[in-house]
Amino acid sequence: MTKTSKIFMATCKEGRKYLLETEAKAVCMEYDIPVTKFKLAKNEAEAVKFADAIGYPVVLKIVSPDIIHKSDVGGVLVGLKNAGGVRKGYNLIMKNVKKHNEKAGIVGILVQEMAPSSTEVIVGTIKDPQFGQTLMFGLGGIFVEVLKDVTFRIAPVTADEAREMISEVKAYPLLKGYRGMPPADIDAIVKILLSTSKLVMEHDEIKELDLNPIMVYRKGAKTVDARIILE
Ligand code: ADP
Ligand code: MG
């Protein structure tokens, strides 16, 4: 059985529909979708050990089956520069989460490589009752949230269709570089769209998937946050 199938089975067994970020990113890795390096810490000392190994600056994030939008509860801290910052950050996240929901189950705190900021894009899927697995693409932040500048295709998509998706959003010119931002590696985005298409075609039990944001660089890309919801 594949790692992805095992993760989905374990999630169902626990009566969950949302994958933890660690699980969603493990699925991404199996499908060659690039993600930020991460390690799950169970205590403060481990968090420091992992941060030292990953290299500063790091990001800390809450991992809890009861928290879907991590930053809404003060569960994400970015740009921690040293061991002292990680120690303080670890305790601050725990405090924030407990204040939000005393009963929230806590799996641990994710120590993560900090992806340098760059052009942000979003790749998503939604299982449409009529059309089945459908792929979405857009630029991150206001482009998706305010301007709804997104494009859809029914999966599976070919490389040509993936390229078309990217070029048909209104914000496309921004991917070619603006205000000191590097031109984005379009091929890297095409690859992620193809991998995501393959993933949902092989796993029709995925109801929704959200890679948001993906930082795209001159060369390569990195998924910073991944959500997968099962049926
Ligand atoms: P959520 O969407 O659950 O609130 P995210 O994991 O998306 O949490 O984190 C919130 C924001 O923090 C992201 O949109 C991104 O701007 C930033 N961020 C999170 N992880 C990283 C990372 N590894 N590197 C750089 N920025 C990050
Ligand atoms: Mg997010």
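Counting starts at 1 for both ligands and their atoms, in listed order. Scope of the values below: all heavy atoms of this structure, side chains included, with no hydrogens, waters or symmetry mates.
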The Mg ion (ligand 2) reached by D225 (N, O or S, under 2.8 Å): yes

Amino acids contacting ligand 1, non-hydrogen cut-off under 4.0 Å: T36, V59, K61, I68, H69, K70, S71, V76, V78, Q112, E113, M114, A115, N212, P213, V224, D225, R227

More than 12 heavy atoms from other groups under 6.0 Å of NZ on K70: yes

Salt bridge present between E205 and K17 (N-O < 4.0 angstrom): no

N/O donor-acceptor pairs under 3.5 Å from side chains in residues 41-52, not counting sequence neighbours:
residue : atom : partner : partner atom : Å
K42     : NZ   : V107    : O            : 3.0
N43     : OD1  : A45     : N            : 3.2
N43     : OD1  : E46     : N            : 2.8
E44     : OE1  : N91     : ND2          : 3.0
E46     : OE1  : K42     : N            : 2.7
D52     : OD1  : Y56     : OH           : 2.7

Where at least one partner belongs to residues 202-231, residue pairs that pass ring-ring contact (aromatic ring centres under 6.0 Å, His included), sequence neighbours excluded: F8-H203

Qualifying residues under side-chain contact (heavy atoms from CB on, under 4.5 Å), relative to E23, sequence neighbours excluded: I7, T11, R16, L19, L20

D187/R163 ion pair, N-O < 4.0 Å: yes

